[in-house]
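Right, one structure below, let's go through it.
Letters A, B, ... mirror the listed sequences (proteins, then strands); counts begin at 1.
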Amino acid sequence: MENSEVARILSEIGEFLAMEGESPFRIKAYEKAAETIGSLQEELADVYQKGGLRALEEIPGVGVSIAEKIEELLKTGHLKYYEKLKKKSPIDLSELSQIEGLGPKSIFKLYKKLGVANLKELEAAAKRGEIKKLEGFGEKSEENILKGIEFLKKSGGRFILGFTMPLIRGIEERLKQLRGVKKLVVGGSVRRRKETIGDVDILIVADKPKPIMDYFVSMPEVAHVYAHGEKKSAIKLKNGLDVDLRVVHEESYGSALNYFTGSKDHNVALRQIAIDKGYKLNEYGLFKGKKQIAGRTEEELYKALGLRYIEPELREMRGEIEASRENKLPDLIGYNDLRGDLQVQTSWTDGADSIEDMARAAMKAGLEYIVVTDHTKRLAMTKGLDAKRIVKQMKEIDEINKKFEAAGIKLKVLKGTECDILKDGSMDLPDEILSQLDVVGASVHSYFNLPKEEQTQRIIKAMRNPHVDMIMHPTGRLINKRPAYDLDMEKIINEAKNTGTILEIDAFPDRLDLKDDYIHECVKKEVKMAIDSDGHSINHFSVLEYGIAQARRGWCTKSDVLMLGRSRRCYPC
DNA sequence: GCCGTTTTCGGCCCGACTGTTTTCAGTCG
């Protein structure tokens, strides 16, 4: 059983317990264990094999009780305790808890009173007007539930790229190792690095595809086989993701890859160019009459169409074809170009690991500096820092830097904050504290539904604070969960230009905030951005990749992204 | 349920908003 599955079950146990009004600490214990396991680098099965129950208990947040449950899951694939809870209240929790504002207590009440166990039944009950009649619910709650369902439907069951990528890469690696696979690439929206993906298209070049196809449809992750042929097979994975595997000929590889990478509109435009030149373009190649003139590689294909090669992240019809023709494509920031991370949370607040551990992990991830940006006091639940504690934290950072220097470690830890922007646009820490920090990030965590103009002015006021260097996750959206707060982004971007404020590209997979369209606007207006992990544990630096992908989708070059100089002593902005 | 230690129990444990109420429950970050 995979870590993500164990994490899901533990987190559902937490929710079941919450429904029953269990002690909040017990619930929190399950949540915390689920979180840790979800971002664990090593497979639990390996941990268990190496060190048994004891090794499981070594995992932070896992004690005797949870370790035994994990053991049972690994050994039998089932957990009696979980099944008992589920039998008592057979509710599709993963579905219902996606609705913003609907927590375990409400879900339980809806089940008890109306028998609602899944999204469909919830929608039906809301439409029949039954929910507003329940005690504790009303007109507004029913309306919000319907709105939540609508929002969920719009996101259309798409998977968040960064959360799904480890699974896809695992499959990719195993397929690549099979005998007879000459080439393999994952195309589609995965290759374009869209923030969410609908399904996965894998292309291979192989002489004898049958054993490869046989393996593909019998992988342990497979829940259903739609098709199992020699040229194409299609499956549904246990997590609901559809994956297609196609075999293509070597001489068509480039054109097939192009075809299956999309976007559809980009492909249509390419086909039109081919027609204008008297050619025909399809997934088998570029043809003049019956003769194939290109298609073995994508580079060859674009060249034959009179274009420069266009990176997959740009193939969204945002002007890339014209830019390619005029040789004006941006020199995109590379996946290895990032040198530092300007948003890192630690165990001082809601992060899982100490400053030093985060710093060492950052170094392993190839970074040269991090900025420690713990939350501030308004976010009480995270133990947000007040003036006194942040001064203490600064001292610890000084000590770590000294220690690193003495040990010849190059990585620099900078002092920062993710300071709450209060309702009126003022900051949650006094100016005299902010002035002592290397990087001041500011962000909104409350009053999400102010009217557009008020919300915009609130952030503009923060940008005008001379100490504020950057606005973090500027629009506050959570992909598939919550829309951005109502903002006039044109005004925000213009103000960023005027005040020299950095706008963040928060790389966390369900944030990716700014989104690509806004990044593109910033690039056009020469507003600087920063790509940050928003990391809360030592494993989170890997998400920077998705921030870079998003930046590339927004046409970012290296110079659009803030990077601090190696020898520079601090104040970066 | 986990953790840590003054070693086997007590601490963990905030604060504000929303929508329902008329004093509070549920949710969220």
> Under the criterion side chain to side chain donor-acceptor pair (under 3.5 Å), which of A:Asp428, A:Thr376, A:Asp420 is the partner of A:His445?
Replying inline: A:Asp420
> A:Phe448 CZ to B:dC28 C1': how many Å, rounded?
Replying inline: 8 Å
> With sugar-phosphate meaning primed atoms plus P, OP1 and OP2, does A:Ser446 contact a base, only sugar-phosphate, or nothing at under 4.0 Å between heavy atoms?
Replying inline: nothing
> In whole Å, what is the span from the NE2 atom of A:His445 to the P atom of B:dT27?
Replying inline: 21 Å
> Whole-Å distance between B:dT27 P and A:Leu379 CG?
Replying inline: 19 Å
> With a 4.0 Å cut-off on heavy atoms, is A:Glu139 in touch with a base, just the backbone sugar-phosphate, or nothing at all?
Replying inline: sugar-phosphate
>> Quick one, A:Ile197 and A:Ile168 - any side-chain contact, counting heavy atoms below 4.5 Å?
In response: yes
> Atom CE of A:Met363 and atom NZ of A:Lys412: how far apart are they, to the nearest 0.5 Å?
Replying inline: 13.5 Å
> So do A:Val62 and A:Thr36 actually touch side chain to side chain, heavy atoms under 4.5 Å?
Replying inline: no
> Would you say the side chain of A:Ile107 lies within less than 4.5 Å of the side chain of A:Ser97, judging by non-hydrogen atoms?
Replying inline: yes
> Given atom CD1 of A:Ile70 and atom C1' of B:dG1, what is their separation to the nearest angstrom?
Replying inline: 12 Å
Side-chain donor-acceptor pairs of residues 346-356 of chain A under 3.5 Å, sequence neighbours excluded:
unit_1   : atom_1 : unit_2   : atom_2 : d
A:Thr346 : OG1    : A:Trp348 : N      : 3.1
A:Thr346 : OG1    : A:Asp374 : OD2    : 2.7
A:Ser347 : OG     : A:Asp353 : O      : 3.4
A:Trp348 : NE1    : A:Glu396 : OE1    : 3.3
A:Thr349 : OG1    : A:Asp374 : OD1    : 2.5
A:Asp350 : OD1    : A:His536 : NE2    : 3.3
A:Asp350 : OD2    : A:His536 : NE2    : 3.3
A:Asp353 : OD2    : A:Ile538 : N      : 2.9
A:Ser354 : OG     : A:Asp357 : N      : 3.1
A:Ser354 : OG     : A:Asp357 : OD2    : 3.4
A:Glu356 : OE1    : A:Lys403 : NZ     : 3.0
A:Glu356 : OE2    : A:Arg360 : NE     : 3.1
A:Glu356 : OE2    : A:Arg360 : NH2    : 2.9
A:Glu356 : OE2    : A:Lys403 : NZ     : 3.0

Give me, pair by pair, the N or O atoms of the protein and of nucleotides 3-9 of chain B that are less than 3.5 Å apart, along with how far apart they are.
unit_1 : atom_1 : unit_2  : atom_2 : d
B:dC3  : OP1    : A:Gly61 : N      : 2.7

> To the nearest angstrom, how far is A:Ile421 atom CD1 from B:dG29 atom C1'?
Replying inline: 15 Å
> With a non-hydrogen cut-off below 4.0 angstrom, is A:Asn144 in contact with a base, only sugar-phosphate, or nothing?
Replying inline: sugar-phosphate
> What nucleotide, of B:dT18, B:dG1, B:dA16, holds the atom closest to the side chain of A:Asn449?
Replying inline: B:dT18
>> Between A:Gln455 and A:Asp486 (side chain of the first, backbone of the second, donor and acceptor by atom type, cut-off under 3.5 Å), is there such a pair?
In response: no
Write out a two-atom table: protein N or O, nucleotide N or O from nucleotides 23-25 of chain B, distance below 3.5 Å.
none

> Does A:Arg378 or A:Arg511 map to a spot on DNA chain B nearer the 5' end, using the closest nucleotide for each?
Replying inline: A:Arg378
> Does B:dC28 have a Watson-Crick or wobble mate here (both distances under 3.5 Å), and if so which one?
Replying inline: B:dG15
> Do A:Lys88 and A:Glu20 touch side chain to side chain, with heavy atoms closer than 4.5 Å?
Replying inline: yes
> Which nucleotide in the list B:dC2, B:dT27, B:dT20 gets nearest to the side chain of A:Ser141?
Replying inline: B:dT20
> Sub-3.5 Å donor-acceptor pair from the side chain of A:Arg458 to the main-chain atoms of A:Ile421, do we have one?
Replying inline: yes
